[in-house]
Every structure is written in C-alpha cells, then in structure tokens.
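Hydrogens, waters and symmetry mates are skipped; everything else that's a heavy atom, side chains included, is used.
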Amino acid sequence: MIAKVIVDVPSRQTDRPFDYEVPKDLESWVEVGSRVGVPFGGRVLQGFVIELAETADIDPKRLKSISELLDPMPPLLPDLIELAKWMSDKYCCSWTTALQAMIPAALKGKAERYISLNDDPEFSAEEYGLTALLPEDMMDWIGKQKQVKLETLQQRFPDYAPAIKEALREGLLLEQTSIRDRLAIRKVLTVFPPEDEAAAREALQSFPARAGKQRELLAFMLERGEAMPLQAMLAEAGGSPASVRALVDKGLLGMHEVEQERDPYAGRNFQRTEPLPLMPGQQTVYERIAATVSRGESQALLLHGVTGSGKTEVYMQSIQHCLELGKQAIVLVPEISLTPQMVERFKGRFGDAVAVLHSRLSNGERYDEWRKIRSRRVEVAIGARSAIFAPFERIGLIIIDEEHESSYKQEESPKYHARDVAVRRARQHGAAVVLGSATPSLESFAAASRQPAPGKESALLPMPERVGSRPMPPVQVIDMRSELQDGNRSMFSRRLHAALIERLERGEQSVLLLNRRGYSTFVMCRSCGYTAACPHCDISLTYHQKSRALRCHYCGHAELAPKECPSCSSEHIRYFGTGTQRVEEELAKLFPGIRVIRMDVDTTTEKHSHEKLLKQFGERKADVLLGTQMVAKGLDFPFVTLVGVIAADTSLNLPDFRSAERTFQLLTQVAGRAGRHHLPGEVVIQTYSPEHYAIVTAQQHDYAAFVREELKHRGVMGYPPFCRLVLVTMSHEQLPLLSSVSEQFAERLRGLAADEGVLGPLEGGLPRAMDILGPVASPISRMKDRYRFQCVIKYRGNIDVPALLRQAMAPFIEGSPLKLVQFSIDVDPQVIL
Ligand SMILES: Nc1ncnc2c1ncn2[C@@H]1O[C@H](COP(=O)(O)OP(=O)(O)OP(=O)(O)O)[C@@H](O)[C@H]1O
Ligand SMILES: [Zn+2]
Ligand SMILES: [Zn+2]
C-alpha cells in the first residue's frame, strides 16, 4: 500500500504529495488524515496522509517507507484534508500550512534524535578497531538506557561531540529520529474495584491479621464500587502504594494508567437553563433556520438582529434542533467575546456536550477539549476562528456570531477568513450557516440581499426589535469643537460629565469606550518634534510604562527610553501613556471616589484577567468600565444605563476603506450595551465630526441608511463588495533588487491577465475584469530590515486570481531561498495598510 503524504516543509517547491510505502504492520492503521513520520532529505519529518493508493508514481526502488505512525486515531478527517487543499488554492498558501492550521498546537510535533548502541550480532567493534573511540562509561550508560536523547548524551559527555559523530559514521552508534509531540496526554495511575466482587468479599473474610491495611483498602474499594486515582484513594483511605500493589498482585484490585483530561471548567457549576419561549420575531427566524437544518441544505443565512434582540437564544434553540437530528454544531465567536457570560450560556444549556476552544487555554487544555470533539464525546464546539476546523463528522449547523468582526480573518499564513471556510465546510456536510450580527459586514449583507433563486427564500433574516420591545437607547452626539469654544478643555463634554454624575447618584453603571487606535503610546520631543522610531522598521516605537522601555510592535526591538532628546538634547521629551490611562486619571480627578475598572491590553495580559474584571463589574464592584474595543461587544449587564464614547473619530480618519464601516459597527455595538433590561439606557458620543454619515446613522440606529451611503462610496472608489481584493506584498533587504523584481512580477501578471482577456479597469462594466495597481512602497515601507513593496489587485467576476499569481511568481521563487524576494499574498485582506 502506498500513502501520499504532505510533508511539513512550508516551501512552495515541496508543496505536493510524496509517495511512501506503508509498512505491513501499519496497513490496518494508516488512513487518510493520519499523521506520520517520514524520511525526508536525511531527516524524519512529520506529514499527513492525504490519499492511499495501490501503486506509486515513482520508481519502486526509490520508494521509502513511513517510519512511524504518530497517533492511533487520525487527527484529521477526509473532509478536512479536502478543505486544506481548497484553502491552499484559494489563499495561495502551501498545503502543509493549511493542514497545520487545523490541528491543535500540542500536535505540532518536533523531530528528536535518539542514539542507541549497534547491537547487530554481525557488527563487531573489535574488528573495526573502534573499541577505544568512546569511553566505557558512556557505552555502559547508553547500553543500560537502550536509547538516549542525543541532546542528553551531549550534555552528559560534553567533550565527546566529534567522537560521537565518528561513532555514528562508523556504525558503532545508531541514530533514530522520532517525532515528539510538544506535550503528552496526561496519565493517572488509577485503582479499579475487584472484577469478581463475590470472590473479593470472600477474600476479605480470610485476610491474615497482619495484613490489616490491605483489608481496609479492599473494603474501601468494595464499598466505593468505582475506579479512582491512586493518589486520591491513598489520601482518603490511608495506606501505602505497596499495600495496593499487593492487592493488585493477588488479583483483588485492578490498577493501570488512565488518560486524564484537563477540564478548564472543572468544578464550575453551570446553572442549567431551559429554552425560553421565543418572541414572535425570534420564532420566525428560528423556524427558517430549523427548516434549513432539517433539509440538510448548505445555505448561508444572515441573521441581522439589532443589539439585544436575543440572537443567542435563537442560536441555542437552533443548535438544539440540530442535535435532535443527530448532527453536530460549531459556534464561532470573536476571541474577545468568549467571556464567561458566553461560555456560561452554552454550558448552561448544553452541559457537558460542549467543548470550548479559546486561546487563553493552555496548549494541554486546548488539546483535551479538541480530543472530546474527535472522540465524539461532545456535540457542540464553541470557539474562536480556528474552531471552524473542529473534527466533527456530521455537521448540521455552523453559527458565526458577530460575523462582521475582523478577527475572523487570520493575519498570518494561512490567511483565511473563517466565514468563507465555514461556507465551504458547510457545503461538504450539507450544513446550514448562520451569520449573526447587529451590524453585518457589507460583503455579507450584499450577498444575502441578492435576489434569491426562483423557488428559494431570501437569505436575509431580520430581527429589528429588542426582546420585549424594549426601546433602543437614545443617542446624543456632542460636537467637541463647540465644547472647546465654550471653554471646556476637559476630555469629557458637559453632557457626559452630567450623565456620569447621575449614574453615580443612582448607583447605576456606565461603560466608557476609548477608541484605542490613534491613541497609542509614543514619545515626542516638545522642542523639535522628534519621535522615536524603530531602526529596523518604518514605524514609531511605543512606550511601555512598566519597563520604561521603547518597543517596536513588529520586530520586538527594545531600547531604554531616553531622558533627553537624541536629536536636539532638549529635556522636553514627553511620554504619552495609553489613552485609557489618561482617561482613568482624569476620572479620578473629576469624580473623587469613583470606582473604575480599566480594561485594555495592559490590564488583561494575565490568563484570566479579562474574565475577572468583567466578573467584578457584573457584581457591581465598580461604577465605570473603561476600555478599548474590548468593552464594546457581547456584554449583557442589567445595571449599565450609560454608554459614553470619548472620541468617536479616531478610527474614522484611518487611511483604510473600511474605516467608516468599522466606526459605525463599533458605535452601534457599544451603544447596544445600554438599557438592555428593565432600566432605560442612554448613549453619549463625543466627536469632532458630528456630521459624518457613520456617526449620524449610528445615532439613529439606522443600519440601512449607513449601508446605502457606504455603498455609494465603495462604488465610486471601486472597493468591496463591488469587487474583490488581493494584496501582494514583496520584501527584500536590498532595495534595487526588490524594486526590479516587483516591477517584473507586475508586468508578468499584467501579461497573464491580458492573455485571459480580463486586464483593465473595473469601471468598464465588464462582468470579468482585473486591475493591477502598483507596485508601490507599502505603507510600512520597511520591516525587520526588509524593504516592502506591494501590489493591490482588484477584480470582479469569476477569475482564478490565485492561479494567475502562482504563475506570475514562479520565476522568482525558484533557486536559493536566501537571495529570493519573499512574496506574501493576502486574499480578501481586512487591512491594506
Ligand atoms: N425569548 C426571550 N424571552 C425573554 N428574554 C429573552 C428572550 N430571548 C433573549 N432574551 C434575553 O434578552 C437579552 C438579550 O439577548 P442576547 O444577549 O441574546 O441579545 P443579542 O441579540 O445577542 O445582542 P448583542 O448583539 O447585543 O449581543 C438577554 O438577557 C437574553 O437572556
Ligand atoms: Zn528634540
Ligand atoms: Zn522594528
């Protein structure tokens, strides 16, 4: 049997399956999706079996064998293997990169080298005159251990590296490579009650007096009647491991190692919840989703429900329906809203049938949650982006909450968008996809608004009302320019100031949002305007108050913050702390005694800090929750009656075609935190551009008006959803070489597009058109000492752009990797900064 294996070398030249013979004893184990170790270029590397075949495509004499099978049960399923191929085509990444993205980090094995003695009876060290090569104690040690790690051997005998090498060459020592996973399954020695209870009870009567402890232990286990870890048993019943072992030897108790799972939610009791009677709006939507799931139709539905309309309840009842059909469900949520609130809701409804995958778990915990899915012990997976790869076999429903969130796009390779992968995976399984949001992305909204095919219903499912017909909170927009004219220099407008006082007096809570972007921490000289920049990247350094250091976000470069200006020696050099720190200080000054919880990157670095802070706020231990984007989403606190936005426009002015959309989304989401329960809410938005349509429409809670206006702009400028984008970034240390290669690349691409008959500006109204802009220097023109150029490709219609890109790149990616210009391709980029 031949296995076609994708080997873990992420280079474009080796991005294809290689043939390996499956050893006879592994034939019944190796499957499509198995992870194996295979010899490759003199080493053993990890790979995935993507196909099994009878015959090899290469000369059988050159055929090598699989060296090891890494897991008894394949970590990947055939549908995921196929999905990886699709991802590698669509996103222009290597196959192995796509496959690696699908398995938990704990399974990304690393090759290790082991040394043993050559115990082949034919081999004689004397004969080859090798007896003196290695010291006797080393030979003894290796012999006793049978197999030692090369690293350990070198540490123990540091002076013998050349001798060890020679011994390996001469065959005195043998080397094996093997893939070791980054972490093993946790095993616990467990004691089992007697298999034959009657016999054990009999034995209990006839125990000799001196074996009193054994008697006690046996009685204890008989009483208990179920297995328990040895440690726990000894702690509870007393006694020593030796007495337990004696009972095991007598065949009265059983004992062996049992895999144990780390359960991050162990010991937490989730209050069981029952499905709520749905509101009429929820009911209509639920019925559409349930019918689609029942039909096994892979349709993508857009649930456009305003904040507080009860989307989560609709998700949960739809999942319930899916489970009743014997199928599984995946729920994607943005990492940031994987708060205890969200987890609690799902655990409360589905109990142990839920696996939770998020990045704040340790690798081990994540792996264990993943194994619950793989071994079919759970039915529902809830997690961030990568949970879309949950290895379920019969998916009936995929839900993407807050579908407009940019965190669904992975920024490193494979640069996939979970929404597109979900649609593809749903097609494989005949599963329904539900995209939910109060502020859908323009792409999803445009797709769902398209005229449905004849006989089909619309994909757009609106829920325009809040649960219980609660009103949307009134929003006031404050023009900060007139505040200044009236002599108010504070960062709080008079209205926001007064509103905060009211909440303090009434004992209600407030959420304050500071749009962090544009408020970063930087260093500036007041005398000459000098700002500290990274010597390796074209970007300014940020100031970290704790370590008093300046750091680069891109390459990690760090230096001590200067006391005087390096440029003009002035002492008037100023460090600007994070925006949120400044707001916090100001709050303390203006409202003595106010209790503030600050939530930003600085206060949420520790593992559970995010949860802790929210919990405190939920318990009303603070008056104000102040933070960045983190406070805008998903929170549902009954006593929050005021939401204030300190400066709405910081994200409006970014040179990014989505900046208006992002601003509208952020304002709408954060405004939605107010007045969700019995107490009415109020929102105050401070801005310098009160007339901007993103702010006006957010004030009116008018998504449709925002979309109309935004679509006009996108149409004029030629941006999605009117076309699609691909960003190609090229980098190299030498500017002249980079400039010449990027010109040649763009020329080739234009030639290929012209051959296809699609080259040209998009304005022409052709159904298929492709425009290639650039190359130009990237907005960050140098990073990690490499210069960067980019091309932006805009296209419309059914054009296989990735295939054209591969062809255009081909001449530049062959040969020695060191001299090569590096190409990075981002399909459907979220930011083109
Ligand atoms: N049918 C119902 N009957 C009573 N209460 C409900 C019902 N459905 C939802 N709720 C409650 O309404 C509140 C808002 O619901 P939920 O948080 O699901 O809204 P949402 O649409 O997800 O909002 P957001 O987009 O702002 O997160 C919650 O407290 C929820 O428990
Ligand atoms: Zn200066
Ligand atoms: Zn840098």
Side-chain angles (χ1 to χ4, degrees), residues 3 5-11 14 18-26 29-30 34-49 61-72 75 96 100 103 105-187 257 259 363-364 367:
V5 177
I6 297 289
V7 184
D8 185 15
V9 202
S11 106
T14 50
F18 290 85
D19 284 357
Y20 288 92
E21 168 111 56
V22 181
K24 273 272 165 301
D25 56 328
L26 289 183
W29 291 95
V30 172
S34 289
R35 198 166 56 112
V36 293
V38 290
F40 192 90
R43 291 181 297 163
V44 172
L45 293 180
Q46 175 178 300
F48 286 97
V49 176
K61 283 196 215 80
R62 287 177 43 225
L63 193 65
K64 292 182 193 147
S65 276
I66 288 177
S67 359
E68 59 184 325
L69 177 71
L70 294 168
D71 332 77
T96 178
Q100 293 289 341
I103 55 168
L107 287 185
K108 287 168 195 165
K110 145 173 179 264
E112 275 176 358
R113 299 207 281 174
Y114 288 84
I115 303 296
S116 59
L117 297 182
N118 188 346
D119 53 4
D120 183 347
E122 305 269 291
F123 175 85
S124 151
E126 284 85 24
E127 202 176 300
Y128 294 101
L130 294 172
T131 36
L133 184 57
L134 297 176
E136 221 164 274
D137 54 339
M138 187 198 288
M139 297 290 280
D140 277 353
W141 186 65
I142 302 175
K144 272 195 202 120
Q145 309 271 322
K146 295 270 187 293
Q147 211 184 35
V148 298
K149 236 197 234 178
L150 180 60
E151 276 170 28
T152 324
L153 183 66
Q154 280 170 337
Q155 274 160 18
R156 204 174 163 116
F157 301 93
D159 303 333
Y160 285 90
I164 294 172
K165 231 184 231 166
E166 184 165 353
L168 282 166
R169 228 178 3 248
E170 298 289 342
L172 180 63
L173 294 180
L174 300 179
E175 179 192 44
Q176 295 89 30
T177 15
S178 164
I179 315 252
R180 285 290 148 255
D181 287 335
R182 291 209 188 130
L183 121 167
I185 289 168
R186 188 200 280 180
K187 290 195 175 135
E257 289 195 314
E259 277 190 17
N363 275 351
Y367 176 45

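Between the side chain of Thr96 and the backbone N or O of Val9, no donor-acceptor pair lies under 3.5 Å. A side-chain donor-acceptor contact under 3.5 Å links Arg35 to the backbone of Leu107.
Counting only heavy atoms from C-beta outward, the side chains of Leu134 and Leu173 approach each other to under 4.5 Å. Put simply, the side chain of Ile164 reaches to within 4.5 Å of the side chain of Met138, judged on heavy atoms. With contacts defined as side-chain heavy-atom distances shorter than 4.5 Å, the pair Tyr160/Leu153 does not qualify. Contact annotation: the side chain of Pro39 approaches that of Tyr20 to within less than 4.5 Å [non-hydrogen atoms, C-beta and beyond].
For the ring pair (Phe, Tyr, Trp, His ring centres under 6.0 Å) test, no residue two or more places apart in sequence or in another chain qualifies with Phe157. In this structure Phe18 satisfies the ring pair (Phe, Tyr, Trp, His ring centres under 6.0 Å) test together with Phe40, sequence neighbours excluded.
Distance check: Arg156 CZ to Lys149 NZ gives 14.5 Å after rounding to the nearest 0.5 Å. Here the straight-line distance linking atom CD of Gln100 with atom CD1 of Ile6 works out to 11.5 Å at 0.5 Å rounding. Distance CG/Leu26 to CD/Glu21: 11.0 Å, rounded to 0.5 Å.
The side chain to side chain contact (heavy atoms under 4.5 Å, CB included) test with Leu168 singles out one residue from Ile115, Asn118, Leu174, and that residue is Ile115.
Across Ala3 and Ile66, no two heavy atoms sit closer than the pair CB-CD1, 3.9 Å. The shortest heavy-atom contact between Pro75 and Ile103 is CB-CG2, 4.3 Å. Closest heavy-atom contact between Ser67 and Val38: OG-CA, 3.7 Å. Nearest heavy-atom pair, Gly143 versus Leu117, reported as atom, atom and distance to 0.1 Å: CA-CD1, 3.5 Å.
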